[in-house]
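One structure is given here, and the rest of the page talks about it.
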Protein chains: 2
Amino acid sequence: MVKNLDERKSSILHAIIQEHIITASPVGSRTIAKKYDLGVSSATIRNEMADLEELGYLEQPHTSAGRIPSDKGYRYYVDILMNNKGINSDKLIKTLSEITKAKKGIHGIVSGITTMLSEFTKYATMITEPEFKNIKLSEVQLIKVTNNKLLLVMVTDNGFVSDKMINIQQDLDKRKIRYINNFLVNKITDKNINNLDKNYFDEIEDELIKKINLSQQLFNIINKEIKEINDPRDINIYIGGTSYILDQPEFNDIEYLKKVLNILDHEDTLKKLITAENNKEIEVRIGHENEMKEMQRCSVVIANYTIGDKAVGKIGVLGPTRMEYPRVISTVNIVSDILSKIISEVNK
Amino acid sequence: MVKNLDERKSSILHAIIQEHIITASPVGSRTIAKKYDLGVSSATIRNEMADLEELGYLEQPHTSAGRIPSDKGYRYYVDILMNNKGINSDKLIKTLSEITKAKKGIHGIVSGITTMLSEFTKYATMITEPEFKNIKLSEVQLIKVTNNKLLLVMVTDNGFVSDKMINIQQDLDKRKIRYINNFLVNKITDKNINNLDKNYFDEIEDELIKKINLSQQLFNIINKEIKEINDPRDINIYIGGTSYILDQPEFNDIEYLKKVLNILDHEDTLKKLITAENNKEIEVRIGHENEMKEMQRCSVVIANYTIGDKAVGKIGVLGPTRMEYPRVISTVNIVSDILSKIISEVNK
DNA sequence: TTTTAGCACTCAACTAAATAGAGTGCTAAT
DNA sequence: ATTAGCACTCTATTTAGTTGAGTGCTAAAA
């Protein structure tokens, strides 16, 4: 779809975008002629700019202003022009490994990395907690805590631990609990969690009730708990660096700023924003490529982080379309790699 | 310290503050004379306003403007004048109980209530997760997951569950693990968690090593995990409704807005902001009563929520000093009551 | 003595006009 | 095909002028 531009147009477009990313203002032909050594005069650049505008790569806020890149222009920049040389990753990697050491648990790690990512990119960042699919239970333990309280602990084969306090009316002695526990281990571990549905529980419950006296309540709770292990709605999103948004002049418009912050405020819209295909390593959504119209003056860079080759979570950076793509993309790449490693490690 | 004002000054101050809370603009004597039926002319009000300014309850942005309340004025309003009649709490209570039913776990409940509180108050809100002090371990379980992985589950006497995957190099058979487990149950349950320090662990470890062969690693991890149960730094803070901040004209100044959002962005400053005495039911910090100077154009309403009579977490609402104190205070009161009940319930 | 009408004065906020300057598009020369 | 030159455009900034809400003070009335 995107036709390649000839070399001179490319250089000029490249120069305009780089200049605009720095200054956040419309860029004029004279600036390009002076600052970038393209070997042609401002008049020539002027003609080329008119062409680039006609082709849709540039826009003119008004007749007597310079040009700014269009979404199409940025897209061309990201896909073709952009210098993909990474940032200096040493410091980033060092800082990340420090966080990982200091924090405990998935919550701590993910929230720490979210903050760190925003401090490195200077944009708002979002990271979802890892989500596990097609998993099996590897361990089930029913522990008596008090006379009418049981603790149910379930461990998935990728190391996720779920625990739930259960209040029981029925008085279950330790022997009975052990019996139920063994029964559960046989029936629900090592099976794909998706198959452990209401029907299956009804079945095995009948089976158990034939053998020992038991109120229904317990199995309902276990069933519900397993559903929740499997429920993507419960995935937390961490968000960091919202105050960096204000550094960008495109958000000086308070009304617009409010719309954007409002999206970040609500889990549902935030999840929609950070949606991306699982099989892509990194996805850059520029301006109107975003579904939500409030986001169409923004760009989002989203990467998956993985366990093995399965995507388990998303890393996102949100900024104006005039974003420093090369820096953000390489940072996001590094962070998603490291997070993949960390989560895989925790999961071992 | 605060001397009571005579009745007329009180009414005038009351009227000015109410008017200012609505309009967000300086209030003039004529407005008060017309809108509030105080039975005196604007000239009299003018004289009284000059007095109130001299006494420090009002300020004048510039000579030819009306008056705005000072922090001292708001303080007088909150302590003495304010009509404390609550909001209509039915809808609030209903919504809260719905959240509680729909959400699982402390994370879900606290984050849901944070969002709800911001939607009811229309200000930014913060709620800390419950923090448990002076607790005992009521249950310890060491579960073999795979050959070189143990799951350590500890339950505190108030129902908090901690779990930790432990990678072990040493090969421990089930019997040994059961032995260690029993040993631990004897040594660390039913003891104040504060006493389970490094020294104590070194001691009991020596004792155990005399009986069975064991690498040090395991006890270090348990020790660390217990420290973390006890570590207030790990308490999460949930924050909601940041976009409501932009509704307030006092935050139209982008520079100031950035400072405030920056505080909300960082856990450390956020925790500092929401610090309040445990023994007070509700604390209102007006303008300069806030320690952080970036917050001195804001007010914060903070309540404790409790288990029994022990404060375990904070609920905070952040707005401009021109905050709708009566509405916020009564909402916060209700929410903290309900959250206390919910957390106590979860904890039973 | 207290209250109030009346009036001159103040000052931010708004409006309109003037000006500057960055940038374009076109033309004609190279 | 490129470029110097120039008229033209349009925003942004500055400046001056105007408005109006509100005050403080004074003198008369209650």
Side-chain angles (χ1 to χ4, degrees), chain A residues 5-13 15-20 22-70 73 249-250 252-254, chain B residues 5-13 15-20 22-70 73 249-250 252-254:
Chain A
L5 299 169
D6 69 52
E7 204 174 320
R8 193 167 71 185
K9 282 197 173 56
S10 279
S11 322
I12 291 173
L13 180 58
I16 291 171
I17 292 180
Q18 290 206 322
E19 189 65 20
H20 180 67
I22 297 167
T23 62
S25 304
V27 180
S29 55
R30 196 142 174 280
T31 314
I32 297 299
K34 261 200 291 188
K35 278 211 195 173
Y36 296 78
D37 197 15
L38 300 178
V40 285
S41 73
S42 69
T44 308
I45 292 171
R46 211 141 54 227
N47 290 329
E48 293 285 38
M49 281 166 84
D51 288 355
L52 284 167
E53 185 178 356
E54 206 171 336
L55 292 166
Y57 294 93
L58 294 177
E59 287 168 359
Q60 209 171 12
H62 54 86
T63 342
S64 68
R67 278 11 184 254
I68 58 173
S70 65
E250 25 276 275
N252 276 0
D253 169 4
I254 297 248
Chain B
L5 299 169
D6 68 52
E7 204 173 320
R8 192 167 71 185
K9 281 197 174 57
S10 280
S11 322
I12 291 173
L13 179 58
I16 291 171
I17 291 180
Q18 289 206 324
E19 189 65 19
H20 180 68
I22 297 167
T23 62
S25 304
V27 180
S29 55
R30 197 145 172 275
T31 314
I32 297 300
K34 263 200 290 188
K35 279 211 195 172
Y36 296 78
D37 197 15
L38 300 178
V40 285
S41 73
S42 69
T44 309
I45 291 171
R46 212 143 51 228
N47 290 328
E48 294 284 36
M49 280 165 84
D51 289 354
L52 283 167
E53 186 178 355
E54 204 171 339
L55 291 166
Y57 295 93
L58 294 177
E59 288 169 357
Q60 211 170 9
H62 54 88
T63 343
S64 67
R67 302 310 204 289
I68 58 173
S70 66
E250 24 276 273
N252 277 1
D253 169 5
I254 297 246

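Chain A is the first sequence line, chain B the second, and so forth, proteins listed ahead of strands; every chain is numbered from 1. Hydrogens, waters and symmetry mates play no part in the numbers below; they use all other heavy atoms, side chains included.
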To the nearest Å, give me how far apart NZ (Lys35(B)) and P (dG22(D)) are. 11 Å

Tell me whether the OP1 or OP2 atom of dT3(D) has a side-chain N or O from Thr44(A) closer than 4.0 Å. yes

If you draw a 6.0 Å radius around CG in Asp37(B), do more than 12 non-hydrogen atoms from other residues or ligands fall strictly inside? no

May I have the distance from Ile68(B) (atom CD1) to dA12(C) (atom P), rounded to whole angstrom? 14 Å

Measure the distance from NE2 on His62(A) to P on dG21(C) and round it to the nearest whole Å. 16 Å

Just by protein heavy atoms under 4.0 Å, how would nucleotides 22-30 of chain C read 5' to 3' in B, S and -? BSBBB----

With Ser11(B), which residues qualify under side chain to side chain contact (heavy atoms under 4.5 Å, CB included), at least two apart? Leu38(B)

What's the verdict on side chain to side chain donor-acceptor pair (under 3.5 Å) for Tyr36(B) and Gln18(B), showing C-alpha distance, side-chain angles and the deciding distance? CA-CA 10 Å; Tyr36(B) 296 78; Gln18(B) 289 206 324; 4.6 Å; no

Restricting to non-hydrogen atoms, name the atom on Arg67(A) and the atom on Leu58(A) that form the minimum distance, rounded to 0.1 Å. CG-CD1, 3.7 Å

Verify, without hydrogens or angle tests, whether Ser70(B) (side chain) and Gly56(B) (backbone) share a donor-acceptor contact under 3.5 angstrom. yes

The side-chain contact (heavy atoms from CB on, under 4.5 Å) partner of Val27(A) among Ile17(A), Ile32(A), Ile68(A) is Ile32(A)

Side chain of Val40(A) only, heavy atoms from C-beta on: which candidate in dC11(C), dT3(C), dT3(D) is closest? dT3(D)

Could you tell me how far apart Glu59(B) (CD) and dG22(D) (P) are, to the nearest whole angstrom? 18 Å

